[in-house]
Structure formats: C-alpha cells, structure tokens
Amino acid sequence: SRTNAWLKGCFSQQRIAALEKPQPCERGVCPAGPSAKMSPSAAASRLLAIAIALLLSASPACAKQRLRHGRRVAAAQSSSSEGRADPSNPLLAWEGDLPPLATVRPDHAREAVQKRLQQGEATLAALEAKLAAAVKTSGTPVAYEDVVLPLEDLYDFVGRPWDMVLHVKSVRDSPELRAAVDELQPKVVSFWQTVSQSAPIFEAMSRLQASSAFAALPEARRRIVERELLDRKSGGVGLSGDAAKEFNKISHQLSELSTTFGNNALDARKAWNLTIHDRARLQGVPERTLAAAVEAAKHSGHGNATAERGPWLLTLDATMLGPVITYAEDRSLRESMFRASATLASSGPSNNTGTIQEILALRQRKAELLGYKSYSDLSFADKMATKEEVHRLLQDLLATGKPAAQQDELELQAFAKENFHHKEMRPWDRPFFVQKLQKHRYGIDAEALRSYFAYPKVLEGLFVLCHRLFNVRVEPVAPGQASMEAAKWHPTVQLFRVSRGGDVAGHILIDPYVRPSEKRAGAWVQPLLPRRSAGGKVSRPVAVVVLNLPAPPSDGQKPALLSLGEVSTLFHEFGHALQHVLTLQNESAVSGLNGIEWDAVEVASQFMEYWPEEDKRTLYSIAQHYSTGQPLPEETYEQLQKAQGFRAGSALTGQIYLGIVDLRLHESYTKGEDPNAIQKAVAKDILAVQPLPEARPLCTFSHIFAGGYASGYYSYQWSKVLSADAFSAFDEGSGLNDEGRGRKGGLGFA
C-alpha cells in the first residue's frame with residue numbers, strides 16, 4: 001500500500017528525500033555516490049553532482065556486470081590438462097578461495113584466455129554433438145543435468161580468466177593490458193556468440209521447458225532455464241543466413257565501441273590538468289584538496305612542490321573537481337574546471353561523439369534484426385517493469401519534482417543576490433552558492449563534518465550493522481597468508497572474511513582510494529566468484545567493492561575523512577557485496593547478484609543507504625571525531641535531520657532527466673540524428689536550469705554507453721520504490737529500536 005501511494009504521487013518529505021541523490025554504482029560522484037536523503041555536505045548542488053557523475057561515471061551496475069547469456073564466474077576446476085596449462089599463470093591455476101590478481105600480467109591474459117577459448121571450442125562441440133544425438137534419437141526431453149550443468153562448467157572454465165582480466169583492467173589499467181584486451185576481445189565475443197546461437201543447446205532447453213519434467217524442477221532451476229532461453233533469443237539463436245552474419249558483426253562492433261567509449265572517457269580525464277602557481281587563486285579550497293594537488297604536482301614533475309609554495313596540480317578527478325567547484329572563491333577557476341568537465345571527451349583524440357552515434361545506430365539495427373521495434377523494446381524484454389510503467393513513474397515524479405526544482409532555483413538566486421550582491425547565476429556559481437546557502441540555513445560546515453567520519457571508523461560501524469541485522473561477522477583477514485595477500489592488486493586493497501554461524505560464507509575485497517592514472521572513476525561492485533555447488537563441494541563467493549574515496553594524507557597523520565555522501569556510497573556498494581556473498585543459492589546462475597532483473601538490482605544497495613541516514617544508532621556508531629574521539633554533537637545531528645530535504649527537487653529532476661534521455665535515445669533513434677540535440681531537447685522540457693550550450697554530458701555517460709544501463713537508467717528510481725518499502729519494514733515495525741525484531745527482519749532479507 002505504501003508503494004501504491006508513493007507511485008500515485010503522495011510524496012512525504014521522506015519519500016522525496018529518498019529520491020534526491022545521484023546513484024552509487026558507477027559514480028564519480030557516482031551516480032553512485034550520494035545517498036537517499038543526503039546531508040547538506042552531500043546535497044551540495046544536486047545538478048552539479050549529476051553533471052560530475054556523468055563525466056566521471058564508470059559503468060556496471062554499480063557495476064555489477066551483466067554476464068553474457070548467464071555466463072558467470074564459478075569455482076569449479078576442469079580436469080583438462082589444456083585448461084590447467086602453465087601453473088605459473090595466475091589466471092589458470094591457484095589454490096584457495098581467491099585468485100592471485102596481484103601478479104596478473106598482459107602475457108598471462110593472452111595465454112590464459114586463448115587456451116581456455118581453444119579448449120572451450122572442443123568442449124562445446126562435444127556437448128552439441130551429444131545433445132543433438134539425444135534430441136534426434138529420444139522422445140524424452142534432455143535432463144537438466146545433461147544440458148545446464150555442462151554449460152555452467154563451460155561458462156566457468158572459459159569465462160573466468162577473461163572476467164579476471166577485465167577486473168584488473170578496471171583497477172590497474174595500462175597501455176600493455178589495454179592492448180591485450182583489444183586483441184582478445186573479438187575472439188571472446190565470437191566464442192560466446194557461438195555458444196549463444198547453438199541450435200542443439202537451444203533445442204534441448206526448449207524441449208526441457210515444454211516437458212512435464214520442467215514443472216518438477218526446483219524454482220531456481222526453472223528460472224535458470226527460462227532466462228537461458230530468453231538470453232539466447234536475444235543473442236540471435238533464431239537468425240540465419242545474412243541476418244545472422246549481420247547480427248554477429250554488429251555484436252563485435254558494439255563490444256569494441258563500448259570499450260572505446262570507456263577508454264576515451266578515461267583518457268580525456270587523465271589528459272586534462274591545470275597547474276596553479278598563485279596560492280591566492282585557491283582561496284576557499286579545502287586543505288585536503290590542496291594537499292592532494294601538491295602530491296599530484298610532485299608526481300607530474302614538480303618534485304619541490306610544497307603545501308605553502310605550490311605549485312598545485314588540479315585534475316578532473318571527482319575528489320578534486322567537486323571541492324574546487326564548490327569552495328573556490330576564484331570564479332574564473334571554477335569556470336575553467338566546470339567547462340572542462342562539461343565538455344570532457346567531446347573533442348580531440350578522445351572525442352566520443354561519433355562513438356555514441358555508432359552505438360545507437362547499431363543497437364537499433366540489432367533490435368530490428370531480432371524483431372523488435374526499438375532497442376528499448378529489446379531491453380525491456382527481460383526487465384521487471386514495463387516501459388509504460390516506467391514512463392508513468394517518471395512523469396509522476398516529474399510532476400512533483402519540477403515545481404520544487406524551480407523553487408530551489410528562485411531561492412538560490414535570491415540568497416546570492418541579497419547576501420553577496422551576485423546578479424547572474426552561471427553553472428559554475430551554483431554549487432558555490434548552494435553550499436553557502438546550506439551553511440546559512442542550517443549552520444553546518446560540510447568540510448568540518450568530515451572530521452567525524454574517518455574511513456576506518458565508518459567501516460567498523462558498517463560491520464557492526466551487518467552483525468546486528470544479518471547475524472554475520474565481517475573481519476579483516478590477517479596479513480601474512482600468501483594466497484590471501486596475492487589477491488590484492490594494490491597495497492591499499494583490503495580483504496575481509498564474512499562468516500555466518502562460525503562458518504566462512506565468503507570474502508569481500510575493498511579497493512577504497514582514488515587512483516586516476518590507472519583506475520576508472522566511480523564506485524561499483526564486481527561479483528568476482530559466485531557461490532556454487534560442484535563435485536560435492538560448495539565454493540565460496542567473492543565480491544569486490546571498488547570506490548574512489550579521497551586517499552589519506554601521505555604523511556600518515558590522518559585517516560581518510562569522508563563526506564556523508566561518501567559514507568552513503570560505501571554503504572550502498574557494500575549492500576551489493578552482501579547480497580552476493582550471503583546468498584544461499586547453490587546454482588551459480590541465480591546466486592548472489594546473478595540472474596537479477598536489472599531494474600531490481602539496486603534494491604539491496606539502496607536499502608543499506610537508509611541506515612546511516614535514518615537510524616541514529618547506526619549514524620552514531622560511525623560518527624566519531626578522528627582525533628578527539630568525541631561523538632557527533634547532538635545539535636549537529638538535529639541540523640542534519642532538518643537539512644535532509646534540501647534541494648530535493650533539483651536532484652530528483654536531474655535523475656528523471658537522465659532516465660528520460662536514456663529512454664528517448666533508445667526508443668526512437670534514427671541513424672544520423674544528433675544525440676546531443678536530443679539530450680538538449682529533453683533538458684529543455686524537464687530541467688529548471690539548462691546546461692551550458694557546449695556541454696556534452698553524453699560523451700561520458702558510461703552507464704548507458706559502456707555499462708549495463710542502456711534503456712535502464714530508470715532502474716535507480718524503480719529500485720527506490722522497493723528499497724523504501726524494505727526499509728519501512730524496520731522503520732514501521734520498531735526494528736530500529738528493537739534489536740530482536742531488527743535481526744528477525746534482517747535475517748528475512750539475508
């Protein structure tokens with residue numbers, strides 16, 4: 001009933017606040033950055049946050065990467081000597097629960113992927129021959145164990161090395177590794193096309209689904225068969241002749257273009273910087289940002305750079321861009337960085353404009369080959385929601401959000417004019433005056449708040465919440481175990497063991513800090529290994545949480561200090577990791593993050609965001625001054641509560657705008673159309689404040705052009721409906737104050 005009321009537009013302040021932020025999972029600011037009701041520090045200029053998120057976004061489902069045709073990484077080992085190959089190659093053989101990712105090199109990638117592809121081709125041919133013979137000679141359907149389980153082994157055996165390579169590239173990119181990926185990618189795409197379009201496999205599964213034996217299968221197995229068949233239809237199994245050839249060619253092109261898009265966004269961000277020699281130009285910029293700028297200068301050749309004399313190297317990394325645009329008194333400096341971010345990857349060698357047009361045209365043609373009117377129709381074929389329901393939801397939200405956004409802008413302009421005699425509000429002025437308005441209205445210093453949210457303390461409180469809700473323990477793995485240490489691809493990566501009832505449920509690795517030279521922007525979770533039962537043994541799942549938090553000072557005097565938005569991002573991504581690691585499903589195709597409809601995949605993550613925002617007990621478990629140990633002052637807590645709905649309308653319309661742009665691009669795109677013109681037309685209809693004429697946000701919209709959100713960016717808003725009601729089960733059921741009831745509810749979700 002609460003959901004129905006919410007969908008009808010009956011928005012309470014809490015519901016509006018729950019829709020105000022850009023989303024975590026891919027965020028630079030991320031859309032995967034902020035949280036449901038954000039604090040003033042996180043809420044600063046929602047539209048700016050959305051713009052930065054687009055510019056720095058990283059990709060997958062918060063990056064839970066959608067694995068092709070049910071393909072997922074599992075823990076079973078093949079008995080093939082070809083597959084075992086060189087025991088020195090970490091992608092082909094390892095002992096224990098975790099792969100030794102620290103030692104992966106480009107030559108390892110080439111050897112492992114090519115050998116597994118070669119063996120996979122032989123295994124696939126043998127399976128097809130067996131299934132074809134069974135279908136031809138027997139009137140009975142092929143058993144689940146004879147078709148799905150061998151496929152699962154194949155997915156694991158061939159797919160695991162490639163998935164590991166892609167993960168390493170996302171966190172430790174290099175020209176050599178990029179070249180290896182570019183070389184291997186066409187071969188990988190071809191192999192999975194062959195698997196997807198296998199007629200014997202499709203026929204065997206179709207017969208199984210049509211048989212009486214199908215109804216007797218456990219629910220999980222029925223779902224696996226249904227999704228396998230749907231994925232294969234979307235993969236072109238029904239095509240033949242010229243149509244099949246064109247479809248396969250398009251699949252190769254789209255794979256290459258997606259990689260090109262991501263590389264261009266990363267390269268463009270890395271290529272831009274601004275060296276400041278005059279300290280006066282940096283007035284107002286937080287000291288933590290200046291310290292990072294000095295370190296960046298040292299690494300770029302200014303070995304004598306100091307905090308007092310500079311120089312300071314500014315980049316478009318979110319941990320530097322956001323603070324400068326928000327706090328710098330120098331208006332021209334704010335303008336320079338804002339314009340650079342707004343036009344990122346839209347010119348020069350990293351220009352993504354043509355790439356976007358190619359992607360859209362090819363997606364449309366791919367959908368037509370499969371019999372769909374548009375790519376959006378193809379995308380919605382395996383979503384939870386229908387396209388009509390999504391449009392209705394977004395329009396209902398817009399009816400509430402746009403008037404509020406317009407009022408936000410009037411209030412901001414009046415405040416700037418009255419208090420600072422500021423006459424013309426430009427895009428690079430908005431975040432600057434938003435933070436001043438926050439401080440004026442609520443008396444909260446967003447930068448000072450960071451002192452109460454030290455990363456180690458926030459982690460500790462998060463783990464306490466996990467025990468309180470789900471009766472699980474999250475504990476660091478003691479250093480010194482060689483196999484465990486080898487899993488860490490960077491010295492700052494942390495490894496945690498998740499235990500339930502004294503038994504190890506799985507592991508979570510956290511890569512917390514920003515590394516713009518090698519690590520893509522945003523925040524996401526990579527389901528590295530799933531839970532799976534094979535050979536009488538249940539393998540443990542592994543999830544990787546990747547963040548881009550500001551790193552602690554190099555002198556070691558302070559821990560990393562987080563904003564409330566960054567706290568929310570951590571809780572959000574950890575929600576994804578928990579869903580993956582705490583699964584009890586032994587069928588890897590539906591265990592953890594596998595097999596979930598794309599528009600429901602954010603529910604667990606957004607559910608976790610509510611706890612530091614709505615539950616005072618959780619907030620105070622993480623809010624402790626890093627040097628004095630004092631808790632967050634009660635007065636500050638009260639002000640944070642009052643500020644939760646600050647500029648909610650602006651943020652909400654920004655998210656609606658992104659969702660509708662995505663839908664429009666994939667519902668009716670015609671080859672040759674200008675995507676930027678489409679984006680600007682949507683902005684004119686929806687946003688209270690128009691983007692810069694030269695802004696090109698699509699050129700870094702990795703969610704839909706290099707991730708899994710094409711015609712699915714609305715998923716953040718759709719999942720909020722479900723996550724809000726999930727949290728309400730605690731909020732309205734005394735679960736926040738009654739530990740017994742809270743754990744009972746938590747165990748129902750775990």
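The CG atom of Leu665 lies 6.0 Å from the CG atom of Leu698; values are rounded to the nearest 0.5 Å. To the nearest 0.5 Å, the span separating OG on Ser255 from CH2 on Trp192 amounts to 13.5 Å. Rounded to the nearest 0.5 angstrom, Ser728 OG and Phe607 CZ are separated by 10.0 Å. Taking OH of Tyr669 as the reference point, atom OG of Ser376 lies at 15.5 Å (rounded to 0.5 Å). Going from atom OG of Ser374 over to atom CD of Glu667 covers 6.0 Å, rounded to the nearest 0.5 Å. The OH atom of Tyr155 sits 10.0 Å away from the OG atom of Ser588 when rounded to the nearest 0.5 Å.
Ala706 and Gly262 get closest at one heavy-atom pair: CB-N, 4.2 Å. Here the closest non-hydrogen pair linking Ser170 and Trp524 is OG-CZ2, 3.7 Å. The shortest heavy-atom contact between Lys680 and Ala695 is NZ-O, 3.5 Å. Nearest heavy atoms, Phe247 versus Gly235: CE2-O, 3.1 Å. Pro675 and Leu360 get closest at one heavy-atom pair: CG-CD1, 3.9 Å. When all heavy atoms of Cys699 and Leu344 are compared, the pair lying nearest together is CB-O, 3.5 Å.
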_Set out, in order, the CA-CA distance, both residues' side-chain angles and the distance that settles salt bridge (Lys or Arg N to Asp or Glu O under 4.0 Å) for Lys720 and Glu602, then state yes or no._
CA-CA 8 Å; Lys720 279 197 183 83; Glu602 298 295 336; over 6 Å; no

*For side-chain contact (heavy atoms from CB on, under 4.5 Å), just list the numbers for Leu257 and Phe705, CA-CA rounded to whole Å, side-chain angles, deciding distance to a tenth of an Å, and then say yes or no.*
CA-CA 9 Å; Leu257 288 166; Phe705 295 118; over 6 Å; no

_Steps toward side chain to side chain donor-acceptor pair (under 3.5 Å) verdict (Glu358, Thr355)_ = CA-CA 5 Å; Glu358 288 188 75; Thr355 304; 5.3 Å; no

*asked:* Does Tyr709 form a ring-ring contact (aromatic ring centres under 6.0 Å, His included) with Phe701? I'd like the steps, not just the answer.
replied: CA-CA 10 Å; Tyr709 285 89; Phe701 200 174; 8.8 Å; no

*Check against side-chain contact (heavy atoms from CB on, under 4.5 Å), Leu593 and Gln579*: CA-CA 7 Å; Leu593 292 172; Gln579 182 172 17; 3.7 Å; yes

_Ser563 and Phe453: CA distance, side-chain angles, deciding distance, side-chain contact (heavy atoms from CB on, under 4.5 Å) verdict_ = CA-CA 7 Å; Ser563 69; Phe453 297 98; over 6 Å; no

*Would you please test His666 and Arg363 for side-chain contact (heavy atoms from CB on, under 4.5 Å) and show each step?*
CA-CA 8 Å; His666 291 100; Arg363 284 175 176 171; 2.8 Å; yes

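Gln641 is linked by a side chain to side chain contact (heavy atoms under 4.5 Å, CB included) to Tyr637, Gln644, counting only residues two or more places apart in sequence or in another chain. Evaluation of the side chain to side chain contact (heavy atoms under 4.5 Å, CB included) rule for Ser379 yields Tyr375, Lys383, Ser711 as partners, not counting sequence neighbours.
Between Asp615 and Arg468, at least one side-chain nitrogen of the basic residue sits less than 4.0 Å from a carboxylate oxygen of the acidic one, meeting the salt-bridge criterion. The pair Glu152-Arg532 counts as a salt bridge, with a side-chain nitrogen and a carboxylate oxygen less than 4.0 angstrom apart. Checked for salt-bridge contact, Glu587 and Arg221 meet the test: a charged N lies under 4.0 Å from a carboxylate O. Between Lys233 and Glu228 no salt bridge is recorded (no basic side-chain N to carboxylate O distance below 4.0 Å). Salt-bridge check for Arg223 with Glu219: failed, with every basic side-chain N at 4.0 Å or more from each acidic carboxylate O.
Panel note: side chain Gln606, backbone Val603; no donor-acceptor pair is recorded below 3.5 Å. Looking at Thr583, its side chain never comes within 3.5 Å of a backbone N or O of His580 through a donor-acceptor pair. The backbone N or O of Lys684 sits less than 3.5 Å from a side-chain atom of Gln690, completing a donor-acceptor pair. Without hydrogens or angle criteria, Ser719 side chain to Asp599 main chain gives a donor-acceptor distance under 3.5 Å. At least one donor-acceptor pair closer than 3.5 Å links the side chain of Asp408 to the backbone N or O of Ser650. A distance-only check finds no donor-acceptor pair linking the side chain of Lys373 to the backbone of Ser668 [under 3.5 Å]. For the pair Asn548 (side chain) and Arg520 (backbone), a donor-acceptor distance under 3.5 Å is present. No donor-acceptor pair closer than 3.5 Å links the side chain of Asp382 to the backbone N or O of Leu230. The backbone N or O of Thr670 lies less than 3.5 Å from a partner atom in the side chain of Glu673, making a donor-acceptor pair. Side-chain atoms of Asn264 do not come within 3.5 Å of backbone N or O of Asn352 as any donor-acceptor pair.
Put simply, the side chain of Tyr657 does not reach to within 4.5 Å of the side chain of Leu398, judged on heavy atoms. Taking the side chain as every heavy atom from C-beta outward, Met608 and Leu465 approach each other to under 4.5 Å. Counting heavy atoms from C-beta on, the side chains of Ile622 and Leu462 never come closer than 4.5 Å. Inter-residue side-chain proximity for Trp611 and Arg617 is flagged as unmet; no heavy-atom pair is nearer than 4.5 Å. Using a 4.5 Å heavy-atom cutoff, the side chains of Gln438 and Arg647 are not in contact. The shortest distance between side-chain heavy atoms of Ile508 and Phe574 falls below 4.5 Å. Considering only heavy atoms from C-beta on, Val546 stays 4.5 Å or farther from Gln526 through its side chain. Taking the side chain as every heavy atom from C-beta outward, Val458 and Glu566 never approach each other to under 4.5 Å.
Of the options Val544, Val525, Leu578, a side-chain contact (heavy atoms from CB on, under 4.5 Å) to Glu573 is made by Val525 and by none of the others.
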